[in-house]
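Everything numeric in this text was worked out from a predicted model, so none of it was measured. Every chain is numbered from 1 and lettered A, B, ... according to where its sequence line falls, protein lines coming before strand lines.
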Protein chains: 2
Amino acid sequence: MSQTVDRALSILPLLAEGPADLGQVADRLGVHKSTALRLLRTLHEHGLVYRQSDQRYRLGARLIALAQEAMENLDIREIAHPHLARLNESCGHTVHLAVYEENEVLYIDKVDSRYPVRMYSRIGKPVAITVAAVAKLLLADLPERERRALAEKLDYPLYTARSTPSAPAFLRELEKVREQGWAADLGGHEESINCVAAPIRGADGRVAAAMSVSAPNVVVTADELLTLLPLVCRTADAISGEYSGRTPAKDIV
Amino acid sequence: MSQTVDRALSILPLLAEGPADLGQVADRLGVHKSTALRLLRTLHEHGLVYRQSDQRYRLGARLIALAQEAMENLDIREIAHPHLARLNESCGHTVHLAVYEENEVLYIDKVDSRYPVRMYSRIGKPVAITVAAVAKLLLADLPERERRALAEKLDYPLYTARSTPSAPAFLRELEKVREQGWAADLGGHEESINCVAAPIRGADGRVAAAMSVSAPNVVVTADELLTLLPLVCRTADAISGEYSGRTPAKDIV
DNA sequence: CAGGGTCGTTGCGATAAGTGCAACGTCCAT
DNA sequence: ATGGACGTTGCACTTATCGCAACGACCCTG
């Protein structure tokens, strides 16, 4: 809508790929160098980009700090965290919390496994949307139109032989998840990693977030992990209760 | 430099304080509502702001994802992480990695304590710059002019009785840290928490990052924590060696 | 050491893009 | 039913942005 701002913001994902110099930025934006310079300067003043010693630009520290504040403002995160920590205490595995927003599913909290083998994932990282258990729960709750439209738009990378291969398969899987009220990912993202997930609902009954427990085969088999399902669901329900204002929450400050 | 972009970017910190509606944004920017609307729309298209169900705007998911990518591009983080994890294995306490950029010190990595008592801090969060041990190391290495200028600009909040109270005191502390080559924070930020920190240097000898070990009094006394200093310094030196390209690093892909 | 090339930077005039206004629509509360 | 608050739209004005061309710094090469 606003050309100047639009161009300036387009620089950010570009720099997210790695540092770039003025010429590269100008080329990729399709504008004159002087224009790119002015945009970069403005971004720089706001701390969103940083100019490193070799004169190239990269994303800046304030961007990271802003994102941090953004996450801290998500009240569901505050509410859920103690529950996630408690679940991690009792089962020892990695626990994730994720939300859906504008065609993306994002981890917004994580409690690391207490086993030495840790899986790779990061708060703030977009989730493998076609296979992750939390993603299935979040998408399964979208209105049908939106769900179908999104499913068509997605790519279906074959991370493993068990990855969801196509839009129809994905929609069927979502339907199943929707009915059973929980989801699993058994080696669909990484061969040896399984997850079970449960939905967290707001006052309106819609799925506001999803949480999961993940563990590699070398620690527990898929079947063993599935025995945790009731515990995961209970935890998710407890969070739902607090988040929707039904349960007053017996803590804190 | 670019008015439109400048205004648009000013919206981000504003929304970081919490969700706001169109009128509030327009007022705080000092522009007409229609102008604010267009800016917000552009930000929205790029996913940097999100419009929640009550129509108010808040920071969006892509901002968080971008920040994530920004951090993953910091090569020092990649290099340091295994060392931090190993240090955590051997001492059990919380380990932090921080960098300085444009008047801010930011945690860019963290390995949580294995004790039940965990301290509050977050990757991406700006550090209490006048008291944190890592901040002292990073600022102590700045050119004198810059260091003085920054010291004058800072606020000196008295978190505790031991917090650095003023610019002159801070500069003296930095001088000391500079000479001894390590830093500590003994209850200067939170009464019961102590840290020891060591610098990580690049090929040019300048301090590129700093790492610290933190623990609450209830787990170890300050004196006990200080006995870890040699280990912390050795770890930092190992990271320095790898980062500056001296040590080839015996790993990875 | 001179010359050619690359890259970042600056000032300027043309004009395209952004701005504020006023009117409209919607929703909610009175 | 009526008033007010808030978001949204189209439009005329004019200001802020754009690309250009020229400059300067730097680096590498012959």
Review point. Closest nucleotide of DNA chain C for A:Q24 versus for A:Q3: which of these residues is on the 5' side?
Key: A:Q24
Exercise for review: Check whether any side-chain heavy atom of B:F170 lies under 4.5 Å from a side-chain heavy atom of B:L139, and answer yes or no.
Suggested key: yes
Review point. Could you state the interatomic distance from NE2 (A:H44) to CG (A:L37), rounded to the nearest 0.5 Å?
Key: 11.5 Å
Practice item. Check whether any side-chain N or O of A:R41 sits under 4.0 Å from OP1 or OP2 of C:dT10, and answer yes or no. Key: yes
**Study point:** Separation of atom CZ in B:R38 from atom C1' in C:dA17, rounded to whole Å
**Key:** 10 Å
Check your understanding: Would you say A:P143 and A:R206 make side-chain contact, with heavy atoms under 4.5 Å?
Key -> yes
Point to revise | A:L37 CG to C:dG8 P, straight-line distance once rounded to whole Å | key: 9 Å
Study note, to complete from the structure: Its 5'-most and 3'-most nucleotides having an atom under 4.0 Å from a non-hydrogen atom of chain B, DNA chain D is contacted over D:dG7 to D:dT17
**Study point:** A:H189 side, atom NE2; A:Y159 side, atom OH - distance, nearest 0.5 Å
**Key:** 6.0 Å
Practice item. With rounding to the nearest 0.5 Å, note down the distance linking CG in A:L9 to CD in B:E45. Key: 9.5 Å
Review point. For B:R58, which of A:E69, A:E101, A:E72 qualifies under salt bridge (Lys or Arg N to Asp or Glu O under 4.0 Å)?
Key: A:E101
Exercise for review: If the plane angle is over 60° it's perpendicular, under 30° parallel, otherwise tilted; pick one for A:H96 and A:Y107.
Suggested key: parallel
Review point. Between C:dT6 atom C1' and A:L22 atom CG, what is the distance in whole Å?
Key: 12 Å
Review point. Atom CD1 of A:I79 and atom OH of A:Y243: how far apart are they, to the nearest 0.5 Å?
Key: 7.0 Å
**Study point:** Step-by-step side-chain contact (heavy atoms from CB on, under 4.5 Å) determination, A:L15 to A:L43
**Key:** CA-CA 12 Å; A:L15 290 184; A:L43 290 166; 6.0 Å; no
Exercise for review: Using a cut-off of strictly less than 4.0 Å between a heavy atom of the residue and any atom of DNA chain D, enumerate the qualifying residues of residues 48-61 of chain A by number.
Suggested key: none
Review point. Do B:H46 and A:S10 come close enough that some side-chain heavy atom pair is under 4.5 Å?
Key: yes
Study note, to complete from the structure: Ordered by number, residues from residues 26-35 of chain A within less than 4.0 Å of DNA chain D (heavy atoms) are A:V31, A:H32, A:S34, A:T35
Check your understanding: So do the side chains of A:M211 and A:H83 get within less than 4.5 Å of each other, counting heavy atoms only?
Key -> no
